[in-house]
Each structure stands twice: as C-alpha cells, then as structure tokens.
Amino acid sequence: MKNNFLRLVASVSVVLVALVAFSCKSSEAAEEPVVEQAPVAQVSQPVESVLVSTSASDWTENVFADASQHGYFFTTAEIGQFSMVEGEFKKSGGYEQSGFGFVFGYTADDEGWLADYLRFEITTAGQFSAYACRGTTYIDLVENHGENTAYRYESSAVKGGYDSVNKLKIERSGDKDYTLYINGSKVASFTAPNGFSNSDGVMAFFSVGKADQEKFPDEPVKVTYRITDSVAAE
C-alpha cells in the first residue's frame, strides 16, 4: 500500500523556518516536502508571499508558472472555522506528484504565522496522504510509522489524471478526532497527535514541483477548487 517515501532531515536552515512556515492571514509559500523515489526531501527558507483568491462556492483557478515558485506550496487565506468542510478540486496542469487539498487544525500566533498544522492531500497520480507537521517533525496520520516519516498511498477512491474532479471532506468530532473522505469513501480516521489540532481553521493549498519537474512557463500549474459544503464550528 505504501508508495513514495519521505523523510525530512533537520538542518540549520530547517530550524530557522520552524515557526514561520505558513500564514492564515495571507497566502504564504513554503518549500514543498516533495515525495519522490529518493528517500530524502530538503526544506529551506520560504519565498515571498503569493496571494491566492478564495471563493466559498464558485470555482477559483489558481495558476503558478514563475520559476521562483519551484518546489514550494501556497495556501489560501483561512476559509473559515469548521467542524466539517467539503470541497472539490481539479488539476489541469503541472507535475502529477505535487499534492493539493486542505491544511487544517493549525496553531497561529498573533501575526498569523503557523507553528503546526494537519494536512490532507491528493495527487493526479491517484495517491493521497495525511500527516501532521511541526517544524522539522512529520507524523503520518494514515498508518503508524517512525517520527519524520510520511507516505503517499495509492487509492481507488482518488480519480487520477488531469481535469478529474475529486471531492475531499474532513469531519472533526470532539477536540482531536478526524475522519477523511475522498469522493464519499472513507480513507482515514485518526486522533491528532499531542500538541496538534489547536483550532478549527481550514485553508486550501496547492503545491509546485521543482525545476526539473515542472515546465515553466509553457506548462503552468493549474489547480481549481471550490467549497461545496461545510458545518461551522460551535
């Protein structure tokens, strides 16, 4: 069931960005933990923020084609505070292994920077993953693995290929219990690790492959999404 493997290696540059990886006030770029055949993925300083528009019900297309965006992922502003959120995503261009989906349950400081988060994503290659992240620590939420280890999982629930519409749904019950669905099929349920799941906030995100994985500017990354259903947090 396990597909591509990632293990993050701590370095001085990683430590420097541990508490400044993301923002829920505006869209931020942070290096994407690329999942490749090779076992190691590097993380470095975030690049300049890129604003991504958000609409709660209409399709919004997000396009990335600048060389400075290689290897990073981009979040929307916070969509809302939900106990359940459901959204449709489709990707019409870009590296097939780059993930897109939801970031949620994060901790934000007074300036909006995130110290930790939970992430649920799919790829056009027919895979999904879910993991928790704090600085240099990654925890797989689908199966139990060692610290700083996460996997992409192949699943028949994911409609692979470009322009396929996939519906992602997150249900939160209690303080730390989550159930994840893809196109109506349950793919994972978990209790968030200690220190995670500190809010009901949700953002969409879109990732971009490295220079040797994308073909900029001729073939931009295009990811479109919309929120289809939600239940506000109490």
Side-chain angles (χ1 to χ4, degrees), residues 1-7 31-39 41 52 58-65 69-76 79 85-104 118-133 138 140-143 145 149-171 178-190 202-216 218-229:
M1 186 180 186
K2 303 182 185 67
N3 198 333
N4 298 319
F5 168 78
L6 84 86
R7 184 179 300 275
E31 184 163 341
E32 175 66 7
V34 178
V35 183
E36 303 178 274
Q37 295 295 336
V52 181
D58 297 330
W59 285 101
T60 301
E61 184 177 75
N62 306 276
V63 181
F64 307 93
Q69 297 168 326
H70 281 132
Y72 292 86
F73 74 92
F74 303 84
T75 68
T76 67
I79 298 169
V85 63
E86 179 183 80
E88 292 180 329
F89 293 79
K90 60 181 177 181
K91 184 174 181 178
S92 59
Y95 180 51
E96 68 171 4
Q97 292 283 353
S98 291
F100 51 96
F102 287 121
V103 173
F104 58 103
L118 306 174
R119 177 163 160 168
F120 177 33
E121 64 180 36
I122 60 172
T123 72
T124 57
Q127 305 160 327
F128 81 97
S129 59
Y131 51 89
C133 178
Y138 275 63
D140 196 306
L141 300 173
V142 180
E143 295 183 0
H145 301 292
T149 304
Y151 290 91
R152 293 201 193 284
Y153 299 90
E154 293 186 355
S155 174
S156 59
V158 181
K159 298 176 183 177
Y162 295 104
D163 294 316
S164 296
V165 176
N166 283 275
K167 183 174 290 185
L168 306 186
K169 180 179 179 180
I170 302 168
E171 289 182 338
Y178 293 88
T179 304
L180 308 179
Y181 301 85
I182 300 175
N183 297 316
S185 296
K186 177 182 173 181
V187 295
S189 59
F190 63 91
V202 178
M203 299 181 289
F205 82 91
F206 325 96
S207 57
V208 179
K210 295 182 178 180
D212 61 346
Q213 297 167 336
E214 305 289 2
K215 298 178 181 179
F216 289 171
D218 296 335
E219 298 181 20
V221 173
K222 294 183 180 180
V223 184
T224 308
Y225 86 103
R226 65 177 177 177
I227 302 303
T228 55
D229 196 9

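Every heavy atom of this structure was used, including side-chain atoms; hydrogens, water molecules and symmetry mates were not. Worth saying up front: this structure is predicted, and the values here are computed from it rather than measured.
- Considering all non-hydrogen atoms of both residues, P220 and V63 come closest at CB-CG1, 3.8 Å.
- Annotation: salt bridge (Lys or Arg N to Asp or Glu O under 4.0 Å) contacts of E96 (sequence neighbours excluded): none.
- Residues meeting the side chain to side chain donor-acceptor pair (under 3.5 Å) test with T124, sequence neighbours left out: none.
- Counting only distance, with no hydrogens or angles, the side chain of R152 and the backbone of I122 share no donor-acceptor pair below 3.5 Å.
- Annotation: side chain of F120 is not in contact with side chain of L118 (no heavy-atom distance under 4.5 Å).
- D140 pairs by the side-chain contact (heavy atoms from CB on, under 4.5 Å) definition with V142, H145, A150, Y151, Y153, not counting sequence neighbours.
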query: Step by step, would you call V158 with Q127 a side chain to side chain contact (heavy atoms under 4.5 Å, CB included)?
result: CA-CA 7 Å; V158 181; Q127 305 160 327; over 6 Å; no
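- At a threshold of 4.5 Å between non-hydrogen side-chain atoms, the residues Q213 and H70 do not count as touching.
- For the atom pair NZ (K186) and OG1 (T179), the distance works out to 5.5 Å, reported to the nearest 0.5 Å.
- Looking at residues two or more places apart in sequence or on another chain, you find a side-chain contact (heavy atoms from CB on, under 4.5 Å) between K159 and S164, N166, N183.
- Annotation: side chain of F190 is not in contact with side chain of E143 (no heavy-atom distance under 4.5 Å).
- Using a 3.5 Å distance cut-off with no hydrogens or angles, the side chains of S129 and E121 do pair a donor with an acceptor.
- Summarising the geometry, atom CD1 belonging to I182 is positioned 5.5 Å from atom CZ belonging to F128; distances are rounded to the nearest 0.5 Å.
- Residues that satisfy the ring-ring contact (aromatic ring centres under 6.0 Å, His included) test with F89, not counting sequence neighbours, are F102, Y225.
- Within the 3.5 Å criterion, the main-chain N or O of G99 finds no donor-acceptor partner in the side chain of T123.
- Between F64 and F206, the ring-plane angle classifies as tilted under the 30° and 60° cut-offs.
- Between A157 and V187 the shortest heavy-atom distance is CB-CG1, 4.1 Å.
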message: Walk me through whether F74 and V208 qualify under side chain to side chain contact (heavy atoms under 4.5 Å, CB included).
response: CA-CA 8 Å; F74 303 84; V208 179; 3.8 Å; yes
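- By the 4.5 Å heavy-atom criterion applied to side chains, V85 and I227 are counted as neighbours.
- Looking at heavy atoms from C-beta onward, Y131 lies out of side-chain contact with T149 at the 4.5 angstrom threshold.
- Between V202 and V103 there is no side-chain heavy-atom pair separated by less than 4.5 Å.
- Taking E88 as the reference, R226 meet the side chain to side chain donor-acceptor pair (under 3.5 Å) condition, with sequence neighbours excluded.
- In this structure, the side-chain contact (heavy atoms from CB on, under 4.5 Å) partners of T224, at least two apart in sequence or on a different chain, are W59, E61, K90.
- Under the ring-ring contact (aromatic ring centres under 6.0 Å, His included) criterion, F104 pairs with Y178, sequence neighbours left out.
- Residues passing the side-chain contact (heavy atoms from CB on, under 4.5 Å) test with D229, sequence neighbours excluded: M84, E86.
- Applying the salt bridge (Lys or Arg N to Asp or Glu O under 4.0 Å) test to K169 and every residue at least two apart in sequence or in another chain returns E171.
- R119 forms no cation-pi arrangement with Y138, by the criterion of a distance under 6.0 Å to the ring centre and an angle within 45° of the ring axis.
- For the atom pair OG of S98 and OH of Y72, the computed distance is 14.0 Å after rounding to the nearest 0.5 Å.
- When all heavy atoms of T60 and N62 are compared, the closest pair comes out as O-ND2, 3.3 Å.
- Taking all atoms of both residues into account, the shortest heavy-atom contact from S207 to V221 is O-CG1, 4.0 Å.
- Judged purely by atom type and a 3.5 angstrom limit, E214 uses its side chain to pair as donor or acceptor with the backbone of Y95.
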